[in-house]
Amino acid sequence: MDTTHGRVIQCYNPWGKDSYKGAIPNSNKADGVFEMTLAEYKASFHSTMFAHVHSSFTPSSKLVQTEQSKASASEFKVTSSDKFYVSVTWPTPRMTRECGQQPQPKVILAVSKKGSSTVHMVEEGVYGSNSQSVMITEGAGEYVASALLHFPQKDQVHEAHLVVYGKDQVSITPGSGDAEQTLMSLIGPAKHGQACHTVSFPGLGLFSMDKSQLVNGVPTFWGHDGEIFAYWATRSGEWYAITKAKLNKVKAGELWSSKKFSKDSIVCGCQDDPKGVGGFSTELHCNQVKGKAAKYGNVKCE
């Protein structure tokens, strides 16, 4: 509280200068530090974000990505039973250059305790932020975290750090196995901790993973006729299915879907429908579309 100007806010420009010309005198315009009245602040900024600092917590950080779009897998062990936070952070234009705007990356962060079927995933971030996080309440144990940031521009600073914020100082190490497969096992259907390459989408049938067709750095699933594909929509945390005619638009950042699926609704391999598959002279079941027993050449189950 300022005796002359009432409630004031102290601001800092990381570029080391400011152009404030408000009610409060500012003699040094080269240090980036200035104060403005609360009314001026409310009129100048449309949103404010706060960082919750825990006095007993400590951050542990690891650089996990330096490419424009690439999955990472990390492991760490927590000994405290208290909650903790896992986040992924990246540079923003405020920290990297004085002019020009860089679009935000598409962010995937999935965290799971080893031996648990629960997967914690970040929700859509706040515009202008450079961090997304999840709160973990499962306590002590070993954890795996997979992150993928897809930076839209090649000339951006392609760096991402994984941060564990809790009572423990933890050692973050590279995960065992293929990072892309670890990511797919957390955001997609999996069996015994392994990502499934052939899956069944309810109402659509059998799909296969295609690592050559990526959307925001994530492999897609394609039907056997090649007409429908499913891609991971980071904004909603679901798999969207749409015709291949929309592929280029989806890769350009547009969201298209005819159906949406949660990861838990997708099953590995072929799943027989109790009523069989309609549309044929007789309803088909899985035992009728395998190997030499296959009744039709364009209908199969793997």
query = Given the rule that I, L, V, M, F, W and Y join up when any side-chain heavy atoms are under 4.5 Å apart, are Tyr143 and Leu109 in one cluster?
reply = yes
[X] versus [Y]: any side-chain heavy-atom pair under 4.5 Å?
X      : Y      : value
Trp222 : Ser208 : no
Thr234 : Val107 : no
Leu38  : Val8   : no
Gln10  : Val33  : yes

Would you please name every residue forming a side-chain hydrogen bond (donor to acceptor under 3.5 Å, both in side chains) with [X], sequence neighbours left out?
X      : answer
Ser69  : His150
Thr66  : none
Asp178 : none
Tyr12  : none

Set of ring-ring contact (aromatic ring centres under 6.0 Å, His included) partners for Phe207, sequence neighbours left out = Phe201
inquiry  = Let me confirm one number: the CG-CE distance from Asp18 to Met36, rounded to the nearest 0.5 Å.
reply    = 10.0 Å
ask   = How long is the span from the CG atom in Leu255 to the NZ atom in Lys249, to the nearest 0.5 Å?
value = 13.0 Å
Just grab all the salt bridge (charged side-chain N to carboxylate O under 4.0 Å, His left out) pairs involving [range], residues at least two apart or on different chains.
range            : value
residues 73-87   : Glu75-Lys114, Asp82-Lys167
residues 191-220 : Glu180-Lys211
residues 32-61   : none
residues 53-65   : none

Short side-chain donor-acceptor distance under 3.5 Å, Ser60 and Gln169 = yes
task = Could you walk me through whether Glu227 and Lys244 pass salt bridge (charged side-chain N to carboxylate O under 4.0 Å, His left out), step by step?
result = CA-CA 5 Å; Glu227 292 298 319; Lys244 70 175 183 180; 3.5 Å; yes
Name each donor-acceptor pair under 3.5 Å that joins a side chain in residues 84-91 to protein atoms two or more places apart or in another chain, with its distance.
none

query = What disulfide (SG to SG under 2.5 Å) pairs are there with at least one residue in residues 157-205, not counting sequence neighbours?
reply = Cys196-Cys268
message = Which Ile, Leu, Val, Met, Phe, Trp or Tyr residues join Val144 in one cluster when any pair of side-chain heavy atoms under 4.5 Å counts as a link?
response = none
task = Would you mind telling me which of Phe229, Trp232, Trp239, Tyr240 makes a ring-ring contact (aromatic ring centres under 6.0 Å, His included) with Phe221?
result = Trp239
